[in-house]
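Reminder, nothing fancy here: chain letters follow the sequence lines and each chain counts from 1.
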Protein chains: 2
Amino acid sequence: MSAKITIHDVARESGVSIKTVSRVLNREPNVKADTRDRVQAAVAALKYRPNISARSLAGSKAYLIGVFFDNPSPGYVTDVQLGAIARCRQEGFHLIVEPVDSTADIEEQVAPMLATLRMDGVILTPPLSDHPAVLAALEREGVPYVRIAPGGDLDRAPWVSMDDRLAAYEMTRHLIGLGHKDIAFIIGHPDHGAAMQRRQGYFDAMRDADLPVRDDRVEQGWFSFRSGFEAAEKLLGGADRPTAIFASNDDMALGVMAVANRLRLDVPGQLSIAGFDDTPGAKITWPQLTTVRQPIHAMAGAAADMLMHGVDQEEGAPPPSQVLDFELVVRESTGTA
Amino acid sequence: MSAKITIHDVARESGVSIKTVSRVLNREPNVKADTRDRVQAAVAALKYRPNISARSLAGSKAYLIGVFFDNPSPGYVTDVQLGAIARCRQEGFHLIVEPVDSTADIEEQVAPMLATLRMDGVILTPPLSDHPAVLAALEREGVPYVRIAPGGDLDRAPWVSMDDRLAAYEMTRHLIGLGHKDIAFIIGHPDHGAAMQRRQGYFDAMRDADLPVRDDRVEQGWFSFRSGFEAAEKLLGGADRPTAIFASNDDMALGVMAVANRLRLDVPGQLSIAGFDDTPGAKITWPQLTTVRQPIHAMAGAAADMLMHGVDQEEGAPPPSQVLDFELVVRESTGTA
DNA sequence: CGCAGCATAGACAGCGCTGTCAAGATGGAT
DNA sequence: ATCCATCTTGACAGCGCTGTCTATGCTGCG
């Protein structure tokens, strides 16, 4: 184990005080270029790395960003982490991941970790983005947070999201463009803000194309494979079938795909299927799923950015938020009617 | 924001010195029961939480465990995290997640974070468990680590794993027990230690049952959906088909399933399919996949345990390691021959 | 009754850094 | 040459804890 080398070693090596080394490290102004170079050379020579505990104890930054999640799909979680970390690394921040069970006592889970860690900020993923107790705990402890894809309460704190309504609108238009007129829709979990927006996008697109939407062509799902499976059984059970089904997430679309397989329906020959999210599962199927790619990586990165650079919200001004672009991913599960 | 309350507040409240509070917090001996109770009452009353930065700066523990990963399946990563965190929470530890790109410069990625964070230990997941540069960097910095499912070099450091050979052996026996005699096998990524063990388990079971293994019934795969798909096309292409295919991970098994669907083969009526891992994808398909459940959660928990309680390896003694139990999960994709 | 020996508690010095404040250096305007 | 404003640097005091060392109280034993 290499002996720990501290700021004092660097100061000695470069012939300045530790305070000056600190200044160089933190890119503070008012350091002569010449001095800065000497210090940086010493840092490089000694391979010096500031100790994060000392930094956060003495200063106001902890160099720690938290990610709270509650068991959405693993692919989503991992994507968020990767997106956030990519940005954090550049600034010397690290990521603390904390699963939060939204059905258990929030206070008990969140407050202790907030107090012990004193993180600089927390990234909230759905469904935590809309969990009142979580937001309240964060606010009480004075820890800044950014929500990813919140469903409501948009003026309360900064957030990052995509336009779910528009994405669903465009997916529906894609289907209509393929010649489909009888398009069924499977709604997502009603507690999930995005689910309602996607539903709206579907209705808007159908209306704009003057296509009627029969009541029995819209089924309620819960974002799970099983709920998609069951909805598809109703939709495809009789002889009167839609020519396309748009499930508002991939898991449900996969459920539809499974029913189609059982029924020996050719996809996309006899039935087009569209999903939403572009989870890994979308490619782990045959035919591969036409879906919407969420900019998860970018959203998490943007959230980390806001947190690291301080989200100083001016009094009265709306919180600084961002809407990022999605992408329609057309694969093999959709075809002409 | 609640004003930060410190050990001094607790000391004042309970009428003892801060050192005594520290003793109670750290469960040190030689504190009268009466005193301990008073302190604990004050801690509870004030909702005091020790500051982790101060603790790690002053003491030798950082209360931080790292998890290094390099993009195995998201489900695997998330499972490891959840398993490790569950254990860490009980002891007041937190988890730092760090993706490590094994194809890039390891030194550059790992050394800085080890120096700045001074974590108490690191959990390595495959394929990092067998990455020489990662192990070397950890050892040079003197950071203890526990490997999950390492492929070799078992005497070098502690590890946690399961018996992949035995699991594959039992899955093969499950198939044989169902009456199958012509069982094909798809090998996993050759760099992955576990892949070879699974292959061995298959061969051992076939040999022990006096069943011949034809060369053209064993295909090389890479643990990916596509490689499973391609292997299945070869295996199922002609009229002379095996009655069962054992793919040595779920992604490949799903590839086989996709081919079976295209070929309109009834699963499990005309073809039984078995996977390995029990990823979420195993249930996101129809019929659901018979597979092997890895004790990922438990392995990660055990690894965290070792790290938190110090893995003091005696000179010359083998590193303390564990082999945990797997579970055969029989679902609908396998049936009688 | 005196004292070793242990259990219990506190004083105090840092851990490695940043924030504050003050001192010295520099330069331009007068 | 003088003075002030500005730039550059350093001394020093903590941040909130733990480790070490010392002081006290108490026990039991000769």
Check residues 35-44 of chain A and write down every donor-acceptor pair under 3.5 Å in which the side-chain atom is one partner and the other belongs to a residue at least two apart or another chain.
residue : atom : partner : partner atom : Å
A:R38   : NE   : A:S14   : O            : 3.2
A:R38   : NH2  : A:S14   : O            : 3.3

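Qualifying ring pair (Phe, Tyr, Trp, His ring centres under 6.0 Å) partners for B:F93, counting only residues two or more places apart in sequence or in other chains: B:Y63. The side chain to side chain contact (heavy atoms under 4.5 Å, CB included) test applied to A:I106 returns A:V100, A:Q109, A:V110, A:H131, A:A133, A:V134, not counting sequence neighbours. The side chain to side chain contact (heavy atoms under 4.5 Å, CB included) search around A:L57 returns B:S53, B:A54, B:L57, not counting sequence neighbours. With sequence neighbours left out, B:A84 forms a side chain to side chain contact (heavy atoms under 4.5 Å, CB included) with B:L95, B:I123, B:A300, B:A304. Applying the salt bridge (Lys or Arg N to Asp or Glu O under 4.0 Å) rule to B:D9 yields the partners B:R12; only residues at least two apart in sequence or on another chain are considered. Scored by the side-chain hydrogen bond (donor to acceptor under 3.5 Å, both in side chains) test, B:R23 finds no partners at all (sequence neighbours excluded).
Comment: A:E139 engages A:R156 in a salt bridge, judged by a side-chain N to carboxylate O separation of less than 4.0 angstrom. Taking 4.0 Å as the cut-off between side-chain N and carboxylate O, B:R87 and B:D305 count as a salt-bridged pair.
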Are any protein N/O atoms closer than 3.5 Å to N/O atoms in nucleotides 12-15 of chain C? If there are, list each pair with its distance.
residue : atom : partner : partner atom : Å
C:dC15  : O2   : B:L57   : O            : 3.4
C:dC15  : O2   : B:A58   : N            : 3.2

Grab the N/O contacts between the protein and nucleotides 4-8 of chain D below 3.5 Å, and write none if there aren't any.
none

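Judged by distance alone, with hydrogens and angles left aside, A:R118 brings no side-chain donor or acceptor close enough to the base of D:dG16 to form a pair under 3.5 Å. The base of C:dG10 sits with one of its N or O atoms less than 3.5 Å from a complementary donor or acceptor on the side chain of B:R23.
Separating the CG atom of A:L25 from the P atom of C:dG16 is a distance of 15 Å, rounded to the nearest angstrom.
Inter-axis angle, ends of the helix from C:dC1-D:dG30 to C:dT30-D:dA1, five pairs per end, rounded to 10 degrees: 50°.
Contact check, B:T20 against C:dG10: a side-chain N or O comes under 4.0 Å of OP1 or OP2.
Using a 4.0 Å heavy-atom cutoff across all strands shown, B:Y48 reaches sugar-phosphate atoms only and no base atom.
Pairs of residues two or more places apart, or lying in two chains, that qualify as salt bridge (charged side-chain N to carboxylate O under 4.0 Å, His left out) and include a residue from residues 95-107 of chain B are A:R89-B:E98, B:E107-B:R140.
DNA chain C is contacted by no residue of residues 36-45 of chain A, taking any non-hydrogen atom closer than 4.0 Å.
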